[in-house]
Amino acid sequence: MTKMNGAEAMVRMLQLNGVKHIFGLCGDTSLPFYDALARLDHGMEHILTRDERSAAYMADAYARVTGKVGVCEGPSGGGATYLLPGLVEANESSIAVLGITSDVPVGSRGKYPLTELDQQALYRPLTKWNARVDRVDQLPGIVRSAFRAMTTGRPGAAHICLPHDVQKHEADAQDIWAQPGHDRFPAMRYAADPAEIDTAAARLTAAQSPVIMCGGGLVISGACSELDTLARLLNAPVVTTISGQGSLADTHPLNAGVVGANGGSHATRAILGNADLVLLIGCRAGSTSTEHWTYPSRRIPVLHLDVDPMAIAANYRTDVALVGDARLTLRALNALVHDRLAQRPRSGADGAAIAAAARAAKHQHFQPLAASLDRPIKPERVVAALNRLLPGNAIVVADPGTPCPYFSAYFNAATPGRQFITNRAQGALGFAMSAGIGAAIGRPDCVVVSVMGDGSFGFTCGEMETMVRRKIPVKMVVFSNGVFGWIKASQKVGYGERYFSVDFDRTDHARVAEAFGLKAWRVQDPAQLDGAIEAALRHDGPALIDVISQELQDAATPVSQWMG
């Protein structure tokens with residue numbers, strides 16, 4: 001029997017589960033694990049980050065663009081607490097991310113060692129699955145359980161606490177194996193009840209004006225082609241939540257765009273308001289996407305397809321519940337809808353015309369703002385420039401502040417799938433820069449652009465050193481307006497313009513980027529914006545464009561309701 005210690009066993013278990021990249025930050029309790037990574041031939045690449053939060057956000061975006069489990073790691077104490085925000089975001093967004101935190105020795109617990117913390121209790125309510133390795137013989141089974149939990153059913157985040165002394169104990173090599181298929185998500189798919197699928201097909205074909213509303217679950221399932229088929233069979237307009245962007249290409253004739261308080265429009269609200277049936281797919285129908293459950297109205301019949309039964313009927317009374325994987329269930333549903341097409345009402349609504357009208361109305365509002373030469377630069381002009389200049393397979397990662405509503409409403413991806421990423425679950429600032437690195441490592445064939453406000457830049461600018469060191473060619477756009485814009489806009493609308501503690505001094509972000517070794521431009525004249533973006537895209541390394549932009553509270557932001 002080949003001898004190995006616990007740290008080596010962990011490395012081999014990750015290797016057998018198909019891991020190729022690990023994002024993390026070193027610490028004293030992680031030393032045996034790092035030594036094993038240094039010595040063993042495992043084919044994995046470790047990306048040293050400058051903050052554990054960044055490591056988790058990188059793993060999240062990596063998982064989103066690859067469909068593989070994202071892996072991040074950090075040390076005990078503060079490292080374990082810093083890793084947590086990214087795992088919470090991944091878990092609530094149904095993204096398979098494994099966080100590994102090293103810990104004080106088992107024998108030191110309760111003796112006040114430096115960095116002692118009950119990590120298992122900390123992570124328990126905020127991850128899908130969570131365990132602490134108390135004995136080295138538990139390690140292989142715990143890793144297998146983590147990968148099974150992350151990838152099956154509703155995907156989510158898992159956490160493993162690995163004490164320092166367990167990493168040194170001798171492990172049994174015979175127990176080092178992995179279950180095939182748990183390296184990707186969703187794994188072990190299942191379809192909904194055939195009787196419910198049949199009922200759904202009958203309801204959809206009988207409807208005069210059905211509307212399909214898609215969330216992130218459809219994209220995670222990889223069901224874009226199946227959605228395309230269903231929408232065309234029914235000639236039904238498709239609307240998406242922010243996380244559901246990419247369910248159809250933005251240029252698809254039946255894609256009417258994003259709905260909800262953040263990025264929606266009067267036209268997309270009208271589509272839901274005029275529906276006589278709504279099919280929700282991979283969508284929890286939360287407060288933002290439904291504008292506090294007014295679109296769709298609670299009077300409209302709802303069919304709901306989701307892999308998580310707890311999401312169904314959480315907010316809407318559901319006429320037909322389809323519990324299962326979106327891709328498998330839609331394949332079965334499409335066959336039954338096809339067989340019933342003769343029963344479609346002759347007077348049914350023209351979904352393509354409805355979607356086209358919604359897009360035209362949005363474009364009519366957007367185009368004058370996008371063409372404006374006003375200073376400070378309007379955010380719409382930045383989105384329009386990227387729409388024109390980015391290649392078709394580009395991935396845009398947006399922070400949830402200033403960029404999110406603009407890119408949700410107006411960004412146009414020519415291909416379906418995961419071309420747009422934003423952290424909609426918890427909405428933490430500082431996501432886009434780190435997530436852009438993860439996306440670029442996961443999809444090196446794609447141009448990755450991270451867009452952020454200057455508030456977000458301040459959270460995470462240290463990762464520019466990671467970009468330069470690792471030669472990761474992320475392109476960044478910073479909306480520089482010297483304000484935490486979302487809160488200031490909320491204070492304007494809800495508190496009579498009593499602005500308090502939301503403004504800060506403007507930083508020259510281009511000079512900061514150059515100090516880290518990036519190529520950078522500062523743009524104040526809207527006429528120079530295209531040239532700066534083109535130059536950044538030509539540059540073969542990381543680059544940043546600092547855009548002196550309009551403050552959010554003064555802009556025509558596509559937001560129907562700010563915080564009250």
Side-chain angles (χ1 to χ4, degrees), residues 2-19 22-24 27 29-34 36-37 40 42 44 55-56 59 63 68-76 79-80 83-84 86-87 90-91 95-109 117-185 187-188:
T2 304
K3 292 183 178 181
M4 62 173 62
N5 63 29
E8 293 166 337
M10 176 61 80
V11 170
R12 292 302 184 203
M13 287 300 299
L14 295 175
Q15 177 186 2
L16 290 171
N17 276 288
V19 175
I22 303 171
F23 304 90
T29 53
S30 305
L31 282 168
F33 180 57
Y34 271 57
L37 285 170
L40 299 181
H42 46 67
M44 296 185 291
K68 295 174 61 66
V69 174
V71 178
C72 53
E73 59 84 20
S76 57
L83 200 68
L84 185 59
L87 264 66
N91 192 56
I95 305 299
V97 172
L98 173 62
I100 302 169
T101 53
S102 55
D103 198 7
V104 299
V106 174
S108 297
R109 291 178 193 155
L117 174 68
D118 189 345
Q119 296 183 19
Q120 193 172 20
L122 176 67
Y123 279 85
R124 183 179 294 115
L126 301 172
T127 54
K128 183 180 180 184
W129 190 93
N130 168 46
R132 182 175 62 196
V133 184
D134 291 324
R135 301 190 319 269
V136 73
D137 62 299
Q138 298 173 323
L139 189 151
I142 282 175
V143 175
R144 284 191 290 270
S145 294
F147 275 84
R148 183 168 64 251
M150 287 185 289
T151 59
T152 59
R154 183 184 76 82
H159 165 250
I160 296 175
C161 173
L162 185 59
H164 180 265
D165 54 347
V166 173
Q167 298 175 55
K168 295 183 175 183
H169 294 167
E170 186 176 320
D172 184 352
Q174 294 184 82
D175 200 25
I176 306 300
W177 57 272
Q179 174 61 38
H182 288 168
D183 59 326
R184 305 188 68 85
F185 67 103
M188 296 184 174

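Each residue takes its place number in the sequence, starting with 1.
Between the CE atom of M10 and the CG atom of L162 there is a distance of 4.5 Å, given to the nearest 0.5 Å. For the atom pair F185 CZ and F147 CZ, the distance stands at 12.0 Å (nearest 0.5 Å). Once rounded to the nearest 0.5 Å, the distance linking CG of N130 with SG of C161 reads 8.5 Å. Atoms CD1 and CG, from I160 and L139 in turn, are 7.0 Å apart once rounded to the nearest 0.5 Å.
Side-chain polar atoms of Q167 and Y34 form no donor-acceptor pair below 3.5 angstrom.
Contact check for L126 versus L87: no side-chain heavy atoms found under the 4.5 Å cut-off. A 4.5 Å side-chain heavy-atom check between P75 and S30 finds at least one atom pair inside the cut-off. Residues H182 and T152 are in side-chain contact: their nearest non-hydrogen atoms beyond the backbone lie under 4.5 Å apart. Taking 4.5 Å as the limit, some side-chain heavy atom of L98 sits within range of a side-chain heavy atom of L14. The shortest side-chain heavy-atom distance between W129 and I142 falls under the 4.5 Å cut-off. In this structure, the side chains of Q119 and S76 come closer than 4.5 Å at one or more pairs of heavy atoms. Looking only at side-chain heavy atoms (C-beta outward), R124 and T127 stay at 4.5 Å or farther from each other. Side-chain contact between Q120 and L122 is absent, with no heavy-atom pair separated by less than 4.5 Å.
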Subject >> Test log, rule side chain to side chain contact (heavy atoms under 4.5 Å, CB included), inputs L16 and I176 >> reply: CA-CA 8 Å; L16 290 171; I176 306 300; 3.6 Å; yes
Original post:
For E8 and V11, what are the C-alpha separation, side-chain angles and deciding distance, and is it a side chain to side chain contact (heavy atoms under 4.5 Å, CB included)?
Top reply: CA-CA 5 Å; E8 293 166 337; V11 170; 5.6 Å; no
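Distance alone, capped at 3.5 Å, is enough to place a donor-acceptor pair between the N91 side chain and the A157 backbone. The backbone N or O of R135 lies less than 3.5 Å from no partner atom in the side chain of H169, so there is not a single donor-acceptor pair. Side-chain atoms of N17 come within 3.5 Å of backbone N or O of M13 as a donor-acceptor pair. The backbone N or O of A173 sits nowhere less than 3.5 Å from a side-chain atom of K3 that would complete a donor-acceptor pair. Of the possible polar contacts, none joining the R184 side chain to the V69 backbone as a donor-acceptor pair under 3.5 Å is found.
Residues passing the salt bridge (Lys or Arg N to Asp or Glu O under 4.0 Å) test with D118, sequence neighbours excluded: none. Shown here are the salt bridge (Lys or Arg N to Asp or Glu O under 4.0 Å) partners of D165, two or more places apart in sequence or in another chain: there are none. Residues meeting the salt bridge (Lys or Arg N to Asp or Glu O under 4.0 Å) test with R12, sequence neighbours left out: none.
Ring pair Y123/H159: centre-to-centre distance below 6.0 Å.
In terms of heavy-atom proximity, F33 sits nearest to E73 at CE2-CG, 4.2 Å. Across every non-hydrogen atom of I22 and M44, the tightest pair is CD1-SD, 4.0 Å. Smallest separation of non-hydrogen atoms from C72 and A55: CB-O, 3.7 Å. Across every non-hydrogen atom of L83 and G74, the tightest pair is CD2-N, 4.3 Å. Among all heavy-atom pairs drawn from M150 and A158, the shortest one is CG-CB, 3.5 Å. Of all heavy-atom pairs between D134 and R132, the closest is OD1-NE, 3.2 Å.
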